[in-house]
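Each chain gets a letter, A, B and so on, in the order the sequences are listed, and its residues count up from 1.
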Amino acid sequence: MLLSKMLVPTLREVPKDAEITSHILMYRAGLIRKLGSGLYTFLPMGLRTLHKVINIIREEMNNSGALELLPPILIPAEYWKESGRYDLMGKEMFRLKDRHEADMVLGPTHEEVFTSVVRENVRSYRDLPLNLYQINTKFRDEIRPRFGVMRCREFIMKDAYSFDIDEAGLDKHYEIMRVTYRRIFKRCGLEVVPVLADTGNMGGSASEEFMVPSTVGEEEIIKCPKCDYVANVELAKSHYEFKEENIQPLPIEEVHTPNAKTIEELVKFFNTTPDHFIKSIVYVADGIPIMVVIRGDFEINETKLKNLIKANNLELADEETILKVTNAPVGFASPIGLKVKIIADESVVVMKNAISGANKKDYHLKNICYSRDFKADLIGDIRKVKSGESCPKCKATLESYRGIEVGHIFKLGYKYTNSMNVKVLGKDGKEFTPIMGCYGIGVGRTMASVIEQNNDEDGIIWPITIAPFHIIIVPINMQDEKLVKTAFEIYERLSERYEVLIDDRDERPGVKFKDADLIGIPIRITVGKTFHETESLELKVRRKKDKILVKLKELDKKIEEIYNEEKRLYEV
RNA sequence: CGGGUCAUAGCGCAGUUUGGUAGCGCGCCUGGUUCGGGACCAGGAGGCCCCGGGUUCAAGUCCCGGUGACCCGACCA
């Protein structure tokens with residue numbers, strides 16, 4: 001490919017709305033352009049890499065025995081109504097009407113569609129197991145699109161749905177996908193960590209996320225340095241023994257606390273420590289206000305809370321609701337004497353002589369004792385685990401770091417096959433319901449994550465497996481006929497075996513080098529003064545510092561060597 | 001949806017305070033000189049100053065109302 005014929009609008013300056021490295025570099029290297037919030041065009045150079053990632057995913061999925069199909073992304077709402085998710089999905093799902101006023105959906109995920117394919121077409125257990133997948137566009141009206149291609153409203157995802165006769169079959173599929181995912185990410189040059197994850201509103205039992213450790217990651221991961229415990233903070237547990245304090249319960253007492261609302265202010269006011277407080281927070285769960293209490297030095301993990309109370313929708317109450325529930329403005333709530341349901345973290349149940357709000361403006365209560373003064377309707381672990389706490393498995397000190405979720409695998413169970421009434425005839429002549437798993441990879445996000453992990457101050461350093469081109473040839477001066485002729489001869493010859501780009505633009509060498517580095521082509525061949533001097537070419541591997549000189553005669557051999565060496569890095 | 005910031009040439013920005021002919025750097029086009037890490041000289045093209053209304057002799061600038069984008073919190077590949 002001639003670079004002069006390609007559309008690669010590289011930028012010297014950083015676009016102002018690009019925040020993180022991958023976004024900046026994708027924009028600067030001319031891989032993507034923004035069309036609207038969370039909507040991106042992949043330009044030719046970017047699309048080449050995207051296709052390579054897709055091809056790796058496709059190869060590995062096919063090798064795993066999965067079957068690719070291509071369903072529509074415009075989906076009649078009836079499928080969503082059937083599964084019950086038409087109402088549950090909320091504003092995140094793009095909804096529209098066709099000319100007949102029929103409700104339609106732009107698919108944010110495809111459980112319903114794949115389940116219906118199986119329902120309509122699989123009659124016998126002999127057709128199972130099946131693992132069906134697509135590499136297709138997804139639509140999600142994200143609350144806040146962010147970080148370029150990392151979190152968009154329209155994006156490409158590989159999603160697979162497995163259907164098995166029984167749980168053992170599902171376990172097998174799940175395990176195959178775990179291995180397949182590791183292979184995919186390895187081949188893309190991406191280091192990932194599998195992490196225990198919450199099953200969210202997808203339903204189901206086991207679930208793992210594939211995380212790329214990164215400071216710009218939107219997920220928090222809790223990890224044990226001693227044993228193998230690694231979990232998303234959403235479901236991470238810690239070892240904690242809550243023992244009832246051996247102190248004399250004192251009579252409850254109202255204290256005037258003007259201008260003290262936050263735990264921090266109250267700690268000063270009462271001259272004590274946060275663990276003597278009961279943090280009382282009003283939430284609205286599926287439209288109903290509830291009071292949630294936790295020890296003052298802990299934070300509420302909303303995912304755990306949501307799971308405990310089996311809510312679909314959970315949000316912090318607004319000021320008006322708080323006033324209605326507690327008779328007081330924000331900052332003075334407590335569970336005492338409330339009419340709403342009370343949910344308590346297990347940390348609260350052992351507390352004595354604790355401090356919390358008085359449900360009265362500018363007043364707090366002292367010496368609150370659980371059981372004596374109030375009781376919870378539901379008790380459970382709803383704490384957000386912090387680094388420094390103890391591992392639930394081995395009690396070592398937990399650490400936390402951030403990660404980008406590039407893949408997710410679930411054991412879905414019977415949620416969709418039940419709700420959508422999938423029946424298959426078994427060996428015994430009786431109908432049964434297949435069990436499902438689902439497995440997703442964000443394609444654009446994977447690509448961006450690779451850049452997050454592979455870059456330097458000059459630009460992207462693509463792994464050769466997904467680089468838009470393997471080799472870039474740089475003739476140093478387009479006015480120098482000898483150099484140009486040689487460069488094109490090399491270009492023609494190498495193009496038979498590799499994907500080669502030649503920078504035939506009439507630009508100065510500096511510009512060409514800068515662009516080559518920015519775009520991140522793994523191997524660079526410079527045809528310049530060393531050719532005039534000694535008939536040799538300069539080879540530079542993008543990820544290495546040094547440059548090597550090679551005689552024209554030995555070029556092909558040397559290139560093959562380097563190419564194989566680069567490829568070997570990403571072999572599985 | 002709440003809180004904050006912003007919208008002027010392809011990109012990055014100044015000009016808005018105090019209303020008076022639309023600017024700078026980079027990029028782009030033409031010619032020339034250059035040619036191993038984002039060259040130099042000369043000339044040039046490119047603007048509904050986000051949109052709509054208002055005030056005024058006069059609005060990029062002041063007022064009102066929209067729209068869009070970005071950042072911080074709740075969703076997820």
Side-chain angles (χ1 to χ4, degrees), chain A residues 9-20 23 27-28 30 33-39 57 89-93 108-110 135-160 181 197-198 200-202 209-212 218-219 232 234 283-284 300 302-303 306 312-319 404-410 438-449 458-459 474-480 483 506-518 524 526-533 538 540 547:
Chain A
T10 55
L11 295 177
R12 300 185 184 207
E13 283 175 282
V14 177
K16 77 174 167 193
D17 52 357
E19 287 264 310
I20 62 169
H23 189 192
Y27 224 98
R28 285 230 295 134
R33 282 297 181 265
K34 185 170 75 176
L35 192 69
S37 176
L39 301 168
I57 294 173
M89 288 298 280
K91 287 186 183 164
E92 188 185 338
M93 187 154 77
T109 171
H110 275 230
I135 297 170
N136 210 346
T137 300
K138 291 264 178 296
F139 293 87
R140 286 183 198 171
D141 198 355
E142 293 284 347
I143 288 160
R144 190 145 87 82
R146 221 189 320 203
F147 299 152
V149 113
M150 277 291 184
R151 167 175 238 76
C152 318
R153 295 196 293 173
E154 178 180 331
F155 58 99
I156 296 178
M157 179 166 139
K158 186 287 301 177
D159 45 331
Y181 273 33
D198 181 62
N201 72 351
M202 300 293 223
E209 289 165 338
F210 288 77
M211 294 284 195
V212 178
E218 296 185 271
E219 305 291 328
N232 190 314
E234 288 182 346
Y283 277 92
V284 178
I300 292 169
E302 294 187 1
T303 305
K306 216 160 142 177
N312 287 312
N313 220 308
L314 182 75
E315 49 192 10
L316 281 169
D318 55 22
E319 287 180 36
I404 302 163
E405 183 189 352
V406 288
H408 201 160
I409 59 177
F410 279 101
C438 86
Y439 319 92
I441 291 179
V443 180
R445 187 180 280 186
T446 297
M447 178 171 160
S449 301
D458 290 316
V474 181
I476 227 64
N477 184 346
M478 294 307 286
Q479 311 306 320
D480 186 326
L483 293 187
D506 191 10
E507 289 285 356
R508 290 169 58 85
V511 174
K512 295 189 178 190
F513 291 142
K514 286 287 181 190
D515 275 348
D517 286 349
L518 179 60
R524 188 179 80 200
T526 308
V527 188
K529 67 178 180 207
T530 58
F531 187 71
H532 282 306
E533 288 160 3
E538 179 195 281
K540 166 90 172 54
K547 302 166 181 169

query: Just checking Lys540(A): base, sugar-phosphate only, or nothing, at a heavy-atom cut-off of under 4.0 Å?
result: nothing
field: Rounded interatomic separation in angstrom, taking CZ from Arg151(A) and P from C71(B)
entry: 12 Å
query: Counting N and O atoms only, with roles assigned by atom type, does the side chain of Tyr439(A) sit under 3.5 Å from a partner on the main chain of Gly407(A), one being a donor and the other an acceptor?
result: no
message: OP1 or OP2 of C70(B) versus the side-chain N and O atoms of Ser37(A): is any pair under 4.0 Å?
response: yes
- prompt: Would you say the side chain of Asp517(A) and the base of G37(B) hold a donor-acceptor pair, judged only by whether the two atoms sit under 3.5 Å apart?
  reply: yes
- request: With sequence neighbours excluded, tell me which residues meet salt bridge (charged side-chain N to carboxylate O under 4.0 Å, His left out) with Arg28(A).
  value: none
task: Apply the test side-chain contact (heavy atoms from CB on, under 4.5 Å) to residues Glu234(A) and Asn232(A): give CA-CA distance (whole Å), side-chain angles for both, the deciding distance (0.1 Å), then the verdict.
output: CA-CA 5 Å; Glu234(A) 288 182 346; Asn232(A) 190 314; 3.4 Å; yes
task: Using atom CE of Met150(A) as one end and atom P of C70(B) as the other, report the distance to the nearest whole Å.
output: 16 Å
message: So Thr446(A), base contact, sugar-phosphate only, or nothing? Heavy-atom distance under 4.0 Å.
response: nothing
field: Partners meeting side chain to side chain donor-acceptor pair (under 3.5 Å) with Asp480(A) (sequence neighbours left out)
entry: His532(A)
message: Just the rounded figure in Å: distance from C1' of C1(B) to NZ of Lys91(A).
response: 7 Å
task: Give Glu92(A) one of three labels, base, sugar-phosphate or nothing, depending on what nucleic acid heavy atoms sit under 4.0 Å from its own.
output: sugar-phosphate
task: Select base, sugar-phosphate, or nothing to describe what Gly528(A) touches, counting heavy atoms under 4.0 Å on all strands.
output: base
query: Base, sugar-phosphate, or nothing: which does Arg524(A) touch, judged by heavy atoms less than 4.0 Å apart?
result: base
message: Once you measure the plane-to-plane angle for His23(A) and Tyr27(A), does it fall in the parallel (<30°), tilted (30-60°) or perpendicular (>60°) bin?
response: perpendicular
message: I need the CG-C1' distance between Leu316(A) and A74(B), as an integer number of Å.
response: 8 Å
field: C63(B) versus A45(B) - spacing of their P atoms, nearest Å
entry: 36 Å
query: Taking atom P in both C70(B) and G12(B), what distance in whole Å separates the two?
result: 13 Å
- prompt: With nearest nucleotides of RNA chain B determined for Thr530(A) and Gly36(A) from heavy-atom distances, which residue corresponds to the more 5′ nucleotide?
  reply: Thr530(A)
task: For Leu39(A) and A69(B), give me the distance from atom CG to atom C1', rounded to whole Å.
output: 12 Å
- prompt: Can you check side-chain contact (heavy atoms from CB on, under 4.5 Å) on Phe155(A) and Thr137(A), steps first, answer last?
  reply: CA-CA 5 Å; Phe155(A) 58 99; Thr137(A) 300; over 6 Å; no
Could you pull out the protein-nucleic contacts involving nucleotides 31-34 of chain B (nitrogen or oxygen on both sides, under 3.5 Å)?
{"from": "U34(B)", "atom 1": "O2", "to": "Arg508(A)", "atom 2": "NH1", "distance (Å)": "2.7"}

task: Could you walk me through whether Lys512(A) and Met478(A) pass side-chain contact (heavy atoms from CB on, under 4.5 Å), step by step?
output: CA-CA 12 Å; Lys512(A) 295 189 178 190; Met478(A) 294 307 286; 3.7 Å; yes
message: Using only modelled atom types and a 3.5 angstrom limit, is any donor from either the side chain of Arg12(A) or the base of G37(B) paired with an acceptor on the other?
response: no
- request: In whole angstrom, give the distance that lies between atom CD1 of Ile476(A) and atom C1' of G38(B).
  value: 13 Å
message: Taking the basic N atoms (NZ, or NE/NH1/NH2) and the acidic carboxylate oxygens, is any pair closer than 4.0 Å for Arg146(A) and Glu218(A)?
response: yes
- request: Report the stems of RNA chain B as range-with-range entries sorted by first number; a stem here is at least three consecutive pairs, Watson-Crick or G-U wobble, both distances under 3.5 Å, and write none if there are none.
  value: B:1-7 with B:67-73, B:10-13 with B:23-26, B:28-33 with B:39-44, B:50-54 with B:62-66
Separation of atom CD in Glu219(A) from atom C1' in C75(B), rounded to whole Å: 10 Å
P spacing across the pair C24(B) / G37(B), given as an integer number of angstrom: 31 Å
message: Evaluate Val527(A) against Val474(A) for side-chain contact (heavy atoms from CB on, under 4.5 Å), listing each step before the verdict.
response: CA-CA 6 Å; Val527(A) 188; Val474(A) 181; over 6 Å; no
- prompt: Got a donor-acceptor contact below 3.5 angstrom from the Arg153(A) side chain to the Arg144(A) backbone?
  reply: no
query: Expressed in whole Å, how much space separates the P atoms belonging to C40(B) and C35(B)?
result: 15 Å
field: Atom P, compared across C49(B) and U21(B): separation rounded to whole Å
entry: 16 Å
- request: Using a 4.0 Å heavy-atom cut-off across all strands, classify Phe210(A) as base, sugar-phosphate, or nothing.
  value: nothing
- prompt: Under 4.0 Å between a side-chain N/O of Lys34(A) and OP1 or OP2 of C70(B), yes or no?
  reply: yes
message: Does C75(B) have its OP1 or OP2 closer than 4.0 Å to a side-chain nitrogen or oxygen of Arg144(A)?
response: no
- request: Flag as yes if Phe513(A) stacks onto the base of G38(B) (centroids under 5.5 Å, planes under 30°), otherwise no.
  value: no
query: Under 4.0 Å between a Lys/Arg side-chain N and an Asp/Glu carboxylate O for Glu154(A) and Lys138(A)?
result: no
field: Under 3.5 Å: donor-acceptor pair, side chain of Arg445(A), backbone of Glu405(A)
entry: yes
Ring pair (Phe, Tyr, Trp, His ring centres under 6.0 Å) against His110(A), all qualifying residues, sequence neighbours excluded: none
query: With sugar-phosphate meaning primed atoms plus P, OP1 and OP2, does Asp515(A) contact a base, only sugar-phosphate, or nothing at under 4.0 Å between heavy atoms?
result: base
query: What nucleotide among C71(B), A77(B), A74(B) has an atom nearest to a side-chain atom of Glu19(A)?
result: C71(B)
field: Euclidean distance for P, A9(B) against U56(B) (whole angstrom)
entry: 30 Å
message: Please give the distance between the C1' atoms of C26(B) and G3(B) as a whole number of Å.
response: 35 Å
query: Which letter, B, S or -, goes with each nucleotide of nucleotides 4-15 of chain B from 5' to 3', with contact meaning a protein heavy atom under 4.0 Å?
result: -------BSS--
- prompt: How far, in whole Å, is A69(B) from U8(B) if one measures between their P atoms?
  reply: 14 Å
- line: d(His408(A) NE2, Glu209(A) CD) to nearest 0.5 Å is 4.5 Å
- line: Whole-Å distance, Arg140(A) CZ to C75(B) P, equals 14 Å
message: Considering every strand and a 4.0 Å limit on heavy-atom distances, what is the contact class for Lys512(A): base, sugar-phosphate, or nothing?
response: nothing
- request: Select base, sugar-phosphate, or nothing to describe what Gly510(A) touches, counting heavy atoms under 4.0 Å on all strands.
  value: sugar-phosphate
Side chains of Gln479(A) and Asp506(A), donor plus acceptor under 3.5 Å: yes
- prompt: Of Gly38(A) and Gly442(A), whose nearest nucleotide on RNA chain B comes first from the 5' end?
  reply: Gly38(A)
message: Over all strands shown, is Val511(A) touching base, sugar-phosphate only, or nothing at heavy-atom distances under 4.0 angstrom?
response: base
- prompt: Would you say Arg153(A) reaches C75(B)'s phosphate, i.e. side-chain N/O to OP1/OP2 under 4.0 Å?
  reply: no
Arg146(A) vs C76(B): side-chain N/O to OP1/OP2 distance below 4.0 Å: no
